[in-house]
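Since the structure comes first, as structure tokens, the remarks are kept for the end.
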Amino acid sequence: QVQVVESGGGLVQPGGSLRLSCTASAFILHDYPTAWFRQAPGKEREAVSCIGYGNADPYYSDSVKGRFTASRDAAKNIVYLQMNSLKLEDTAVYYCAAGAPFCHASKTPLIAEYEYWGQGTQVTVSS
């Protein structure tokens, strides 16, 4: 069974940075689109980013565009989400998801499109 694991969350001050990592067992992440979702307390899970095949532009939600960057390290089978200029409203549990057929820069990733999910990593932005 494929297991997806996120790491890199923590407590940071507003304006700070974190880099989340996503790995999967028995699964080559760069062979499939990989997405990042987040869920804040009392809110629905929302798409943050997805990164597709090759050099196609990733998707970013309007709220994180220009601050977050998704990337791959194919040799290490890792997908990253670099989060800069963090805001209080970025506080959430962040989930890595894989297995969708496509990722388009202009199309919001859908939960139902992703087959494999991690358990989440907590990101807390607080002063």
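The distance from atom CE of Met83 to atom OG of Ser17, rounded to the nearest 0.5 Å, is 8.5 Å. Atom OG of Ser21 is separated from atom CD1 of Ile78 by 5.5 Å, given to the nearest 0.5 angstrom. For the atom pair Leu18 CG and Asn84 CG, the distance stands at 9.5 Å (nearest 0.5 Å).
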message = Applying side-chain hydrogen bond (donor to acceptor under 3.5 Å, both in side chains) to Ser61 and Ser63, what does each step give before you reach the verdict?
response = CA-CA 5 Å; Ser61 67; Ser63 63; 3.2 Å; yes
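Here Asp62 pairs with Lys65 in a salt bridge; the nearest charged N to carboxylate O distance falls below 4.0 Å.
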Contacts table for residues 96-112: side-chain donor-acceptor under 3.5 angstrom, sequence neighbours left out:
{"unit_1": "Lys107", "atom_1": "NZ", "unit_2": "Glu113", "atom_2": "OE2", "d": "2.8"}
{"unit_1": "Thr108", "atom_1": "OG1", "unit_2": "Tyr59", "atom_2": "OH", "d": "3.2"}

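Following chains of ILVMFWY side-chain contacts shorter than 4.5 Å, one can reach Val12 starting from Trp36, so the two form part of one hydrophobic cluster. Tracing side-chain contacts under 4.5 Å through hydrophobic residues (I, L, V, M, F, W, Y), one reaches Val48 starting from Leu20; they form part of the same cluster. Residues Tyr114 and Tyr116 fall into different hydrophobic clusters, defined by Ile, Leu, Val, Met, Phe, Trp and Tyr side chains chained together at heavy-atom separations under 4.5 Å. Val123 and Tyr95 sit in two unconnected hydrophobic clusters of ILVMFWY residues. Membership requires side-chain heavy atoms under 4.5 Å apart, directly or through other members. By the criterion of side-chain heavy atoms lying less than 4.5 angstrom apart, applied directly or through intervening Ile, Leu, Val, Met, Phe, Trp or Tyr residues, Val93 is not grouped with Leu11; the two fall into different hydrophobic clusters.
When atom types are taken as modelled, the side chain of Glu6 and the backbone of Gly120 share a donor-acceptor pair closer than 3.5 angstrom.
Side-chain atoms of Ile51 and Val79, non-hydrogen and from C-beta on, do get closer than 4.5 Å to each other. Looking only at side-chain heavy atoms (C-beta outward), Thr121 and Ser7 stay at 4.5 Å or farther from each other. A heavy-atom distance below 4.5 Å is found between the side chains of Gln122 and Thr91. When side chains are defined from C-beta on, Val4 counts as touching Cys22, because their heavy atoms get closer than 4.5 Å. For the pair Arg38 and Asp90, the minimum side-chain heavy-atom distance is below 4.5 Å. For the pair Thr34/Cys50, no side-chain contact is recorded, criterion being any heavy-atom separation below 4.5 Å from C-beta on.
Ring geometry, Phe68 versus Tyr94: the interplanar angle falls from 30° to 60°, so the pair is classed tilted.
More than 12 heavy atoms of other residues, nucleotides or ligands shown are found within 6.0 angstrom of CD on Glu89. Gln119 CD: 12 or fewer foreign heavy atoms inside a 6.0 Å radius.
In this structure, Arg45 is not positioned above the aromatic face of Phe37 in the sense of NZ or CZ being under 6.0 Å from the six-membered ring centre and within 45° of the axis.
Minimum interatomic distance between Leu86 and Arg67 (heavy atoms only, all atoms of both residues): CA-NH1, 3.8 Å. Across all their heavy atoms, Ser127 and Leu88 have their closest contact at N-CD2, 4.5 Å.
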